[in-house]
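Below, read A as the first sequence line, B as the second, and so on, with proteins coming before strands; counting in each chain starts at 1.
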There are 2 protein chains.
Amino acid sequence: MKVRTRKQEIFYTASRLFKEKGYTAVTMRDLAAAVGVKAASLYNHISSKEEILYEVIMTIAESFTKGIEEIRFGEGAIKDKLSLVVAQHVNLTANHPYGMASLNNDWMHLDSGKSQYLKLRNTYEQHFREIIKEGKTQGILKDIDEEVILFSILGTLRNLYLWIPKKADLDRDKLIESLGQTLLEGIEK
Amino acid sequence: MKVRTRKQEIFYTASRLFKEKGYTAVTMRDLAAAVGVKAASLYNHISSKEEILYEVIMTIAESFTKGIEEIRFGEGAIKDKLSLVVAQHVNLTANHPYGMASLNNDWMHLDSGKSQYLKLRNTYEQHFREIIKEGKTQGILKDIDEEVILFSILGTLRNLYLWIPKKADLDRDKLIESLGQTLLEGIEK
DNA sequence: ATTTTAAACTAACAATTGTTAGTTTTGTGA
DNA sequence: TCACAAAACTAACAATTGTTAGTTTAAAAT
């Protein structure tokens, strides 16, 4: 995440603080200090605290939904599509290591944007569900409750932001590979 | 979670609110209103807001760590132990549907209790890791990076609190069964 | 060099925060 | 019935919150 303008620096720094303490616990004075400025000065660049949250969350949420849409309607076998979903998650998380925390934990503090966000999330989950359904129809996936499959995979992927930073060593392609294997083929021999 | 005393009612109601909005965003006046009392009255039962968080989190955290310790050092095959870990997670989450949210998202707002909590969590993860290691040593588990296995399973389990309430229909034993299968054997045929 | 614009500052606001002090009500056992 | 303890209340506090107004400094454009 290359930072070009001051406004972007504010968004980025905010997302970092949001991850550490959560949106509500981060004050505008905290943020200002981290940026190296007085609280009031922030308002030369942004219009409200919530605007920051909105920007951080929606940017990522839109990428996710757009991405899975392309995967779902794209070419390729179901197994490959599932691998692509895992890969997209790893990549987006690696690109937005901080923002993912707000996406997961702070979306309820969105005001006007909350319904927008929930709509995107529902759409995302629906696309994912359809991919799984098709896999079951084709007889490629086991006959396990769809919701269990969906939330099992999604559960792991949603937590990626917590340990991707810690596992910087494990390179990205290896992670995509082994995580995909774990989630799709299981861990038992 | 049967509530017996007013104090327990406060803890329980608080954990419910904490799940909805997060610890920081819940005010003592919010909590008081939900309990049907004025904010100051809460202090006849508790000594601080943080005490509530501490109680909610530590009760559950201790159950987890104690539980996995028994599993790890108990009898039985590794595969069964892994299933037991999944089962314990489902059961504890079902028994503490709200508190799990704080355990996951609000522990950083613990003051004196934070290091205690982190110690419990590390111990938990370490026991889990050892079970996985033994599985690999015995040749029962695939040769996938331990950390990937650990956090993949744990990632899913940590999110259980978000959808167990929504899937009240899927009965508990079925959930343990299908979730265990998904996590351990994978979803591909 | 001068004007204009962008971005920092200081000071303050009204509202909200967790918490305390002191008082009144409620319920229980003697 | 009375006394006592538990638990509610009102009122207020000091600190902190997001935000605004007005001003000064720095940078860019003319």
Open item on the list: In this structure, how many angstroms lie between the C1' atom of C/dA14 and the CE atom of A/M28, rounded?
Closed with: 17 Å
TODO: Using atom NZ of B/K38 as one end and atom C1' of C/dT20 as the other, report the distance to the nearest whole Å.
DONE: 17 Å
Task: Out of D/dA8, D/dT10, C/dC9, whichever nucleotide has its closest atom nearest the side chain of B/R6 - done: D/dA8
TODO: Map A/D30 and B/R29 onto DNA chain D by nearest heavy atom, then report which one ends up closer to the 5' terminus.
DONE: B/R29
Open item on the list: Can you identify which nucleotide, out of C/dT19, D/dT17, C/dT17, has its nearest atom closest to the A/T27 side chain?
Closed with: D/dT17
Task: Ion pair B/K7/B/E51, N-O distance below 4.0 Å - done: yes
Task: Between P of D/dA8 and CG of B/L31, the distance in whole Å - done: 12 Å
Open item on the list: Does B/V26 reach a base, just sugar-phosphate, or nothing at all? Heavy atoms under 4.0 Å.
Closed with: sugar-phosphate
Task: Minimum side-chain heavy-atom gap A/Y124-A/E69 below 4.5 Å - done: no
Task: Short N-O contact, A/K166 and B/E147, less than 4.0 angstrom - done: no
- [ ] Check the distance between C/dT17's P and B/L17's CG and give it to me in whole angstrom.
- [x] 13 Å
- [ ] Mark yes when over 12 heavy atoms from residues, nucleotides or ligands other than A/E177 sit less than 6.0 Å from its CD; otherwise mark no.
- [x] no
Task: Contact check, side chains of A/N159 and B/F151, non-hydrogen atoms, under 4.5 Å - done: no
Task: A/K21 NZ to D/dT16 P, straight-line distance once rounded to whole Å - done: 12 Å
Task: Residue-level proximity of residues 39-50 of chain A to DNA chain D when a heavy atom falls under 4.0 Å - done: A/A40, A/Y43, A/S48, A/K49
Task: Check: B/F64 ring centroid to B/H89 ring centroid under 6.0 Å - done: yes
